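First up is the structure itself, then whatever we jot down about it.
Reminder, nothing fancy here: chain letters follow the sequence lines and each chain counts from 1. Every value quoted in this text rests on a predicted model; they were computed, and no experiment measured them.
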Amino acid sequence: MWIVKETLSNILYNALTEAKEKGELKIKDEPLIVLEIPKDETKGDIATTMAMAIASAEKRNPRDIAQIIIKHIKDEAGIIDKIDVAGPGFINFFLKDGYYHQLLKQIDKQGKDYGRIDIGKGEKVQVEFVSANPTGPLHVGHGRGAAVGDALANILKAAGYDVVKEYYINDAGRQVYILGESVRLRLDELHGKKVDFPDDYYKGEYVKEIAKDYIAKVEEKGILLGTFQEFACEAMLKDIKKDLKDFGIEFNRWFSENKELHDKGLALTAIHELEKKGFIFVEDGAKWFRTTQFGDDKDRVLIKADGQLTYFASDVAYHKEKAERGFSTIINVWGADHHGYEARVRAALKAFDYNDRNLKIIFIQLVKLLRGGVPVPMGKREGEFVTLRQVMDEVGSDAARFFFLMRRSDSHLDFDLELAKKQSSENPVYYVQYAHARLCSVERQAVERAVKIPVADSVDFGLLKLPEERNIMKQIALYPITIEGAARALEPHRITFYLQNLAGLLHNYYFHHRIITDDKALTDARLVLVKGVRQVIKNALDILGIKAPEKM
RNA sequence: GCGCCUGUAGCUCAGUCGGAUAGAGCAACAGCCUUCUAAGCUGUGGGCCGGGGGUUCGAUUCCCUCCAGGCGCGCCA
């Protein structure tokens, strides 16, 4: 379908040009040739609204324009079976079965590369996600951000972009200082001292664990280490890295605020540059960045009256640094509670003369955990967050990732732990994985019965006459277009929806028709068809970071 | 008060750059295993797309306004 889309675009473009040359159409603007897949299959395989789009400029009936365009269509590739004009002026194309047969051969040949497209043309893109402060374990919200960011990066890779996955480590500033102090106090406690533990310090159990670890490593083994802060921060980061690794996520780069910004003085450099550009003023002893000049609703402090840099100062420097690395697009995956931050970061990019349209920010809405329909209490009281680790341990990382990707990012997510564990069609993860396992089972069965898995070139696909078979072929033809849409819109959830549809078609087909039959030629054709389905499910699950089991 | 997000079937949500009769899953009800995995399949009912205006051939989609919910508005990070 991807190929059809490109071919048809050209065909339509040529038809339009010819109509214009012959004076049958007058418009000057090049209209966008929009192709869509009709929901109703009786309306063809693919359709365009272009006749309606140009009708008003042309001041003519869209249906007449459609007729003119059709008249000039030359189907040199021989993929079109029939063309209709319908409704207010849709041009509907019915494709030849041969097109789908070609497609099956193509999938068989491309294997894991089927679905890779090249809209990215190798452009460099950075996806920065999770970036949780190393002051506590990752919680469920971070998990959603991790699943979305990782899937997004994988989608962009499949779409032909050169992608860097990056984690920004907030290892400077007051938060990590407090973490270090919290560990120090717990350590004193372990040594039997009475301590007064402040309310705004980190109270979680993990702080005590780090303190115990400190005793084991530093006091008992005499390993030399830096400050409590460094020790605690490193310990925390180690846990975070382990959590993410077990969640199936590998970053290309861990960007340390301390080492890569402050040690190099980049925050101050950035501020000096802004100063030179005249965007800085001093008030009440603090240095301010006039972000209102770039659309923010308040000016922001970069250096406090006490001489400390603000968090924002680091972020200005970080985004400047990102921009200088030459990415065509910078994607930040943030929790929705950070949306107030967007304007000032954009202001920073604009102040450094970078086009802030190259910055995309994906906001991740809250996750509401349920257990059998009943909300799991997630009080904001310290230490009571449900961690990503707990969820992974309970439902597994496959189910967790799938659930995190089932909704649009900016939509609240209800995550039912009981549902995620259920082994039935109610649970979409199992539904999709089961489709894959089932097909693997069919292939095993074929081998057992000494039916060789055929080579696509030697198969008569004309035998696939069932409407279910055609629907399945259409759906797998749609896969690259789904990748394209998800990449353009930065919406990974489209892949999960796609998978559920495809799995549905497959289960239905499987239930009603036998794949291995007494008819050798038919069996061959069907085996190649379902092998294609299996491949597409596998490819799509790979992108989402979810396993495609061969047995369940 | 200002800003951002959300509002679609009983519930949870999709809905492609503005297109054709608004979809899916769950729940409810009624059915299907002598067969390659029943972790599956089939059927039925269910809608003021939050309300009201506007833009046009056409609006769930774009604009304005109102209502409801969530979040954000520090010399915090």
Chi-based syn or anti call at C48(B), which uses purine or pyrimidine torsion atoms and a 90° bound: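 Anti.
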Specify the glycosidic conformation (syn or anti) of C17(B), with syn defined as within 90° of 0.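 The base of C17(B) is oriented syn (glycosidic angle within 90° of 0).
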Rounded distance in Å - [atom1] ([X]) to [atom2] ([N]):
| X | N | atom1 | atom2 | result |
| --- | --- | --- | --- | --- |
| D410(A) | C13(B) | CG | P | 12 Å |
| R444(A) | U37(B) | CZ | C1' | 9 Å |
| N471(A) | C41(B) | CG | C1' | 16 Å |
| E448(A) | U37(B) | CD | P | 9 Å |

Nearest to side-chain heavy atoms of [X], which nucleotide of [options]:
| X | options | answer |
| --- | --- | --- |
| A305(A) | C75(B), A77(B), U6(B) | C75(B) |
| R407(A) | U6(B), A39(B), U12(B) | U12(B) |
| N170(A) | G40(B), A77(B), G72(B) | A77(B) |
| R514(A) | C36(B), A20(B), A14(B) | C36(B) |

Under 4.0 angstrom, heavy atoms only, what part of the nucleic acid is [X] near: base, sugar-phosphate, or nothing?
| X | answer |
| --- | --- |
| A86(A) | base |
| Y431(A) | sugar-phosphate |
| K298(A) | sugar-phosphate |
| A435(A) | nothing |
| D297(A) | nothing |
| A47(A) | base |
| H436(A) | nothing |
| N92(A) | base |
| Y510(A) | base |
| H339(A) | base |

Ignoring hydrogens and geometry beyond distance, is a side-chain donor-acceptor pair present between H338(A) and N332(A) at under 3.5 Å?
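No - no donor-acceptor pair under 3.5 Å links their side chains.
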Exercise. Does any donor atom in the side chain of Y509(A) or E469(A) lie under 3.5 Å from an acceptor atom in the other side chain?
Worked result: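 A pair is found: one side chain offers a donor N or O, the other an acceptor, under 3.5 Å apart.
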If you compare all heavy atoms of D398(A) against all heavy atoms of K547(A), which two are closest, and at what distance to 0.1 Å?
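Closest pair (atom of D398(A), atom of K547(A), distance): OD1-N, 3.1 Å.
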Parallel, tilted or perpendicular: rings of F403(A) and F415(A) (30°, 60°):
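Taking F403(A) first and then F415(A), their aromatic rings lie parallel (interplane angle under 30°).
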Exercise. Could you check D296(A), T291(A), L359(A) and say which one makes a side chain to side chain contact (heavy atoms under 4.5 Å, CB included) with R346(A)?
Key: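 Of the listed options, the one satisfying the test is L359(A).
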Scan every strand shown for a Watson-Crick or G-U wobble partner of C48(B), both distances under 3.5 Å, and answer none if you come up empty.
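Its partner: none found.
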Applying the Watson-Crick and G-U wobble criteria at under 3.5 Å, what pairs with C32(B)? Answer none if nothing qualifies.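 Pairing partner, where one exists within any strand: G40(B).
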